[in-house]
Trainee: 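Pasting a structure here, questions to come.
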Amino acid sequence: MGEEKGPLYLGFDLSTQQLKAIVVNSNLKSIAEAKVDFDQDFGPQYGIQKGVHVRESTGEVFAPVALWLESLDLVLERLSKAMHPLPMSSIRGVSGSGQQHGAVFWNASAEELLGGLDAGKGSLVEQLRGALAHEFAPNWQDHSTQEELVAFDAELGDREKLAEVTGSGAHHRFTGLQIMRIRRVLPQVYANAKRISLVSSWLASVLVGSIAPLDVSDVCGMNLWDIPNQSWSEQLLALSAGGPDGAADLRRKLGEPRMDGGGSMGRISAYYLSKYGFSPECQITPFTGDNPATILALPLRPLDAIVSLGTSTTFLMNTPAYKPDGSYHFFNHPTTPGNYMFMLCYKNGGLAREKVRDTLPKPQDGATGWENFNKAILDTKPLGVDGEGDRARIGLYFYLRETVPNIRAGTWRFTCKQDGSDLQEAREGWPKEADARAIVESQALSMRLRSQKLVHSPRDGLPAQPRRIYVVGGGSLNPAITRVLGEVLGGADGVYKLDVGGNACALGGAYKALWALERKDGETFDDLIGSRWTEEGSIEKVDVGYREGTYERYGKVLGAFEEMERRLLAEEEH
Ligand SMILES: Nc1ncnc2c1ncn2[C@@H]1O[C@H](COP(=O)(O)OP(=O)(O)O)[C@@H](O)[C@H]1O
Ligand SMILES: O=C(CO)[C@@H](O)[C@H](O)COP(=O)(O)O
C-alpha cells in the first residue's frame, strides 16, 4: 500500500442505514474503506431506528439531515486513518451515490453557508444546520403520499402515459409526489425552500461547497422528468407545485440537471483541506442514485443483468431500449447518453425468504440457519414436478403489500399443467419443504416475466435471455438461491457473484469518479472501466446459468404466473 503512487478516487454511498466510503486506484484496486452506521454511531442521539424515523399513523418515513452531516465528518475521519500511511491528498476525484428519491430542502442562506465552509468555524453540522429549510429528508420507504399518487397517475391521462413520459408510474416514494405533499402539509417549509436537492446532489453540494445540480439518472426518480424529451415536464411540475403559476418557481428550486455524468463540478471545498488533508486540486464529479451507481460497479454490458438480493430485491439492466411500463422503472443511464437503466424493485425479498426458512426445523447451533431451506430447494425438482403427470407449482409469498405488482400481503399457492394451462388455486396447499423452492422460483419468474421484452438471444440457437447475471447483496452468498436464479432466468454465460457484495454502490461511485476525470474524448464508462477491469478478484462464477430444457420448462408457465397475478389483482378490485 505504501507504494501507491498514482491518483486515487473516492466513492461514497449514503444509503438508508449507513454512509460508506471506498478508495480505489487507477487500476480499480480497492485501497481503503470506512463506514458510519447511523444506528450504531448516532442512534440514541437522534432517536432513529434503521437510519430513519417512522410515523406509523401517516406512513411518513424520514431521516434527520444533521445526522448525515455528522456522519460525513466521522466517515472522513475514519477514512483518513484507514488510508494511513497514504495521504488523503492522493485522492484526485470524488463521486458517489445517495439513496434514491429523498430530498433536502435548503433555505435562502444555503449558498452563502456552503460557500463559507471553514474548518476553523466548527463541524459541518455546526455550520450547515442553519442552511436547511427542513430538518428532515423524506426517505424512499415513505408511503404518506396516496393522495398525490392518485393525482400523478391521472395527470397525463393514466398511469401508462405517466410511465411513457417519466419512465415510471407514480410511486409513493418518488420525489415529485413527496414535494407535492410537503407543500400541502408544511407550506412554510416549501415556501422557505430556496433550493431542493436529491440525496446524491446534496452530498455533492456539501463537498463542493455550493449547490450541485441534480444528476442525469437520479432525476428520473422524481416522476417530474420527461425522459423522451430530456426536459422537466411543465405539466408535472405544475401539479407538484399547485398550479401553472408555481411551476416556474419549483423549476428554480430544483435547477437544471447536469446531463453529463462525467467531468468535474468544481474543486473540493476548503473545509476538507486542512481538516482531512485533501488536495486543493481534488475534484468533485457528479454523484448519482444508489441503483444507478450499482450498475457502475463493473462494466455491465447490454444483455447483462444485476440481481441485488438484499432486504428488498432489485433487478437492474443497462439497455439501449426505452420500453416503459407502469410496473417498472426506466432511468437515464448515469454515464452513457442514449442508454437506460431498467429497474424492478420488489419489497418482498430477503425477509420473505426468511419467513419461509423459519417454517422449517432450525439447524444446529453454529449453522447459518439456511441449511434446511437450501436442502429443501435442492431436494425439490423445478416447479415441484417429479414425474410426467405432475402439475407445476407456482406461488406468491408477500409478507408486505408488493409494488410489482400491487398485490396485498398474503401467500397463495396455485398449480397448472406443465404446459401452463388449467391454472387452479391449490387450496389444500403442499408440503412446507416445497415452499422453499417455490418462493425463490416465484421471485425469479416475476423478474423473467417483466424483463422478457428487454432480452434477445445472446448466441445462435439459444433462446432470449440475459448473457450474464451478476448477483450482489446478502442472498448472493446462498448457492441454492443462485442456482434457482440460473435455472429460471438463464444467463447464457452463467451467474456470477460480485466480490464487493454490500459495497457495490460505493465502488460504482469510485469508478465513476475515475472515469469522470480520466476519460478521453468520447470514451464511454464501459470502454474505460472494461479495459482495466479483471474478472479475477472481482467476480466468482456461482452457477452455470442457462440449462437447456429447464429454462424452457419455466418459460411454459410464465403465462400461468401472469394469470395468477391478474386473478389476485382482480379480486381486490371487487
Ligand atoms: N446465507 C444466506 N442465504 C440467504 N440469504 C442470506 C444469507 N445471508 C444473508 N442473507 C439475506 O441477506 C439479507 C440482507 O442483505 P444485505 O444485502 O446485507 O441487505 P441490505 O443492503 O438491504 O441491508 C437478509 O435479509 C438475509 O435474508
Ligand atoms: O427506492 C429505491 C429504489 O427506487 C431504493 O432502492 C433505495 O434507493 C434504496 O436505498 P438503500 O436501501 O440502499 O438505502
Side-chain angles (χ1 to χ4, degrees), residues 12-20 35 37-39 50-52 61 63 68 96-103 137-143 167-175 177-178 198-200 217-218 220-223 288-295 306-316 328-331 341-358 363 367-375 377 399 403-404 436 439-440 443 471-485 497-498 500-506 508-509 542:
F12 285 105
D13 173 32
L14 173 44
S15 69
T16 310
Q17 302 193 49
Q18 292 169 343
L19 174 61
K20 294 181 192 155
K35 77 168 182 193
D37 182 293
F38 300 147
D39 284 14
K50 298 200 178 281
V52 291
V61 184
W68 297 344
S97 65
Q99 53 182 285
Q100 294 205 262
H101 320 296
N139 174 268
W140 61 278
Q141 297 164 96
D142 184 287
H143 49 280
S168 303
H171 290 271
H172 291 123
R173 65 190 191 280
F174 272 48
T175 326
L177 287 69
Q178 292 289 337
L198 291 175
V199 178
S200 60
S217 185
D218 217 10
C220 302
M222 304 178 83
N223 278 139
T288 190
D290 54 359
N291 293 296
T294 300
I295 66 170
I306 296 186
V307 180
S308 170
L309 299 165
T311 310
S312 59
T313 294
T314 51
F315 177 95
L316 306 165
Y328 43 71
H329 310 287
F330 273 91
F331 294 76
M341 182 185 79
F342 166 80
M343 176 167 85
L344 295 166
C345 184
Y346 298 92
K347 281 196 205 160
N348 293 288
L351 298 182
R353 290 190 295 272
E354 285 176 23
K355 295 249 182 254
V356 171
R357 177 197 68 186
D358 294 341
T368 66
W370 290 94
E371 286 77 3
N372 287 334
F373 182 86
N374 294 1
K375 181 171 182 326
I377 289 184
Y399 82 101
T403 38
V404 194
I439 184 174
V440 184
Q443 295 175 339
V471 285
V472 296
S476 68
L477 305 174
N478 186 313
I481 294 177
T482 49
R483 180 188 168 107
V484 175
L485 285 185
K497 181 164 75 72
L498 217 63
V500 291
N503 259 348
C505 332
V542 289

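When a ligand or atom number is given, it counts from 1 through the structure's own listing order.
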Trainee: Considering only the protein, which heavy-atom contact is closest to atom 26 (C) of ligand 1, and what is its distance?
Mentor: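 Its nearest protein heavy-atom neighbour is Glu354 OE2, 3.1 Å.
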Trainee: Work out whether the distance between some heavy atom of Met343 and some atom of ligand 2 is less than 4.0 Å.
Mentor: yes
Trainee: Can you name the atoms of ligand 2, numbered from 1 with element, that are less than 4.0 Å from a heavy atom of Thr16?
Mentor: 10 (O), 11 (P), 12 (O), 14 (O)
Trainee: Checking Lys355 now: which residues fulfil salt bridge (charged side-chain N to carboxylate O under 4.0 Å, His left out) with it, not counting sequence neighbours?
Mentor: none
Trainee: Would you mind running through ligand 1 and noting each atom that sits below 4.0 Å from a heavy atom of Asn478?
Mentor: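 In order of number, 3 (N), 4 (C).
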Trainee: Which of the numbered atoms in ligand 1 are under 4.0 angstrom from any heavy atom belonging to Gly473?
Mentor: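 Matching atoms, with element in brackets: 17 (O).
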Trainee: If the cut-off is 4.0 Å to any non-hydrogen atom of Ile481, which atoms of ligand 1 fall inside it?
Mentor: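 Counting from 1, the qualifying ligand atoms are 4 (C).
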Trainee: Might you check, step by step, whether the distance between atom 21 (O) of ligand 1 and some protein heavy atom is under 4.0 Å?
Mentor: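 It does not: no protein heavy atom is found less than 4.0 Å away from atom 21 (O) of ligand 1.
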Trainee: Select the closest option to atom 1 (O) of ligand 2 among Gln100, Arg173, His172, judged by heavy-atom distance.
Mentor: Arg173
Trainee: How far is atom 10 (O) of ligand 2 from its nearest protein heavy atom, and which residue and atom name does that atom have?
Mentor: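 Here the nearest protein heavy atom works out to Asp290 OD2, 2.8 Å.
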Trainee: Would you say Leu477 has any N or O atom under 3.5 Å from an N or O of ligand 1, going by distance alone?
Mentor: no
Trainee: Give the atoms of ligand 1, by number and element, whose distance to some non-hydrogen atom of Thr311 is under 4.0 Å.
Mentor: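 This gives 19 (O), 20 (P), 22 (O), 23 (O) as the contact atoms.
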Trainee: Give me the residue, atom name and distance of the protein heavy atom closest to atom 3 (C) of ligand 2.
Mentor: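 Heavy-atom neighbour on the protein nearest atom 3 (C) of ligand 2: Asn291 ND2, 3.3 Å.
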Trainee: Any side-chain donor paired with an acceptor under 3.5 Å for Asp37 and Gln17?
Mentor: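 Checked: Asp37/Gln17 side chains show no N/O donor-acceptor pair below 3.5 Å.
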Trainee: For Arg483, give me all partners under salt bridge (charged side-chain N to carboxylate O under 4.0 Å, His left out), at least two apart in sequence or on another chain.
Mentor: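 Expected list: Glu487.
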